[in-house]
Amino acid sequence: MTNTNESTLANNLNRLQLERLGKLNKLKENGVNPYPYTFSRTHMANELQEKYSQLPAHTETKDEVRVCGRIINERNTWMFIDLIDDSGKIQLFCHKESLTSLLIEQLKLLDKGDFIGVTGTIRRTKAGELSIRVSDYTVLCKSLQPLPDGFDAFKDVEDRYRYRHLDLIIHPNVKQNFKSRSKIIAEIRQYLDSHNFLEIETPVLLVSAGGADARPFQTHHNALDIDLNLRIATELYLKRLIIGGFERVYEIGRVFRNEGISTRHNPEFTMLELYAAYGDYNELMDFTENMLEYVILNTVGKFQFEYIDQMLNFTRPFLRISMIDSIQKYCNYDFTSITNFDEAVEIARKLNVPLSKKEDSVGRIINLIFEELVSPELIQPTFITDYPVEVSPLTKIHRFNSRLTERFELYAYGREIANGYSELTDPIDQKNRLLDQAKLKSAGDEEAMPYDKDFIYAIECGMPPTMGLGIGIDRLVMLLTNSASIRDVIAFPTLKPLSD
RNA sequence: GGGUCAUUAGCUCAACGGUAGAGCAGCUGCCUCUUAAGCAGUUGGUUGAAGGUUCGAAUCCUUCAUGACCCA
């Protein structure tokens, strides 16, 4: 439903609701509390399905069980009820010979969507459906809103995100994405914890939001009367922890970027950043492969799996190729010795890559050509290495080439999955690069990083060689759950509010 | 930002200038049966909003709102 008037799912008191209110009142008149406090069950639905999987059709047992959940369907005037809980579905069999006439009569006051708890014995029907012959039931919640129903119910994508509770009820497979997400994050933590990483939470509210190229959200602290930004990355604070002497730290946290919304972008999303002292980006690529291997093995269960229209293979090692070599490979232009800006502009023109004011250096042109023409080709997991220094203000200069940095990004299905560096630890170099960023910012580039003098002070106090990795958790979960949209892996994605 | 499409009953959709309809859901019955149960009957509408054209608009035009997809 996309209309914005009064007749919305959420607030329209319609005749269907009036029916339910009438039933609620009748229940109360019968002395039933429609909103009781507890119910103790003996089994989840799927436990019963598994336990009695060998029970033949048309068999009664005397095994008494208690289950509870939401009514999603009813057949033959409440003789058969489909009940769902978090684990799955079980059919209830309400035969008039097994229930008091009062309880039989009261079935008419139930609706699809209500919660009930039942007691009964296990049987399998003639038709082969495992069921519970109900001897007693109790209302656990009277629902006052009709659920969308029918074979094709609730297809509108926006409604599914806006009313996620309904999406989860109606499309039980949607729950699987969030279970997978939880498992993926748990496995990442397990891997990092077992490799002696310490999880530390860094601030969300910052005077200076740096660590990435992005516009921050702005807010205000009343008591201090200062403007604050929501963080766009956790990098600069995790590095302070390395400086402080923690040698392996990470954070899995929400970051906020004030940018557009798409199937791959949500304004708030979850990032993993980790930093480990005494390693460089080569070691970090090995580490990233190992960690992903562990996480994929314990979640997807296999290294080769389908994503949308492609079969991806995450078997180690992933392809490693430098950005310049990748352009040579896919575009047939060799930037190895090109240092002249006009020459780079000419190549971009020949390649039909339109440049903006932002592409004011050879390095930025190389980066844009890569993003436009090469990255979409990187379907199988590929490390792109050695980024131009102009687009990597927090990365150490490449040990063999001063125009490049020791940075990699991991691509799969043409999308960036991870971003890692040999972290820049030279305070003088870092200071100059942030000053360059500040110049860009004051020249109007709202995504350029601010000069953070506290961070420079920290790094001047001495930072060991360090490798640092960032992984967009949402995009990783998309890949591992075969989800086309980031909104399929964020329970409550950002939406425009409905107008009243 | 640009293009295309969409918005009609609780849900899924018809009707495309001439009486707003169907299936499902709901309700009333039948049927101790079922697997999207079935059968009979029945309720339910400010056609996303505002203007305009017309004897007549869900339908054509304009603007707006919201969304989906594609492109930057």
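Naming convention: chains lettered A, B, ... in sequence-line order (proteins, then strands); numbering from 1 in each chain.
The cationic group of A:R66 lies under 6.0 Å from the six-membered ring centre of A:F39 and within 45° of the ring axis, placing it in a cation-pi geometry.
Nearest nucleotide to the A:N76 side chain, out of B:U34, B:C31, B:G26: B:C31. Nearest nucleotide to the side chain of A:L16, out of B:U32, B:A36, B:A25: B:A25. When distances are taken from the side chain of A:T263 to each of B:U34, B:G26, B:C69, the shortest belongs to B:C69. Distance from the side chain of A:T125 is smallest to B:U34 among B:A25, B:C69, B:U34. Side-chain proximity of A:K112 to B:A25, B:C27, B:U34: nearest is B:A25. The side chain of A:F80 lies closest to B:C33 when the candidates are B:C33, B:G10, B:C27. Side chain of A:E19, nearest nucleotide from B:U35, B:G26, B:U32: B:G26. The side chain of A:K23 lies closest to B:G26 when the candidates are B:U34, B:A68, B:G26.
Under the 4.0 Å criterion applied to side-chain N and carboxylate O atoms, A:D325 and A:K329 are not assigned as salt-bridge partners. The existence of a salt bridge linking A:K23 and A:D111 is confirmed by a sub-4.0 Å separation between a basic side-chain nitrogen and an acidic carboxylate oxygen. In summary, A:R75 and A:D82 engage in a salt bridge, as defined by a charged side-chain N under 4.0 Å from a carboxylate O. Checked for salt-bridge contact, A:D474 and A:R264 miss the test: no charged N lies under 4.0 Å from a carboxylate O. Ion pair A:K62/A:E64 not flagged as a salt bridge, since none of the NZ, NE, NH1 or NH2 atoms sits closer than 4.0 Å to an Asp/Glu carboxylate oxygen.
Residues from residues 346-374 of chain A with heavy atoms under 4.0 angstrom of RNA chain B: there are none.
For B:A50 and B:A9, the C1' atoms lie 23 Å apart once the distance is rounded to whole Å.
Comparing A:N73 and A:K108 along RNA chain B, the residue whose closest nucleotide (by nearest heavy atom) sits nearer the 5' end is A:K108.
With a cut-off of 3.5 Å on both pairing distances, the Watson-Crick and G-U wobble pairs of RNA chain B assemble into stems of 3 or more at B:1-7 with B:65-71, B:10-13 with B:21-24, B:26-30 with B:38-42, B:48-52 with B:60-64.
The base of B:U32 does not come close enough to the side chain of A:T77 for any donor and acceptor atom to sit less than 3.5 Å apart. No hydrogens or angles were tested; on distance alone, a donor-acceptor pair under 3.5 Å links the side chain of A:Q91 to the base of B:U34.
Each of A:K358, A:K441, A:R215 was evaluated against A:E447; a single residue qualifies, A:K358, per the salt bridge (Lys or Arg N to Asp or Glu O under 4.0 Å) test.
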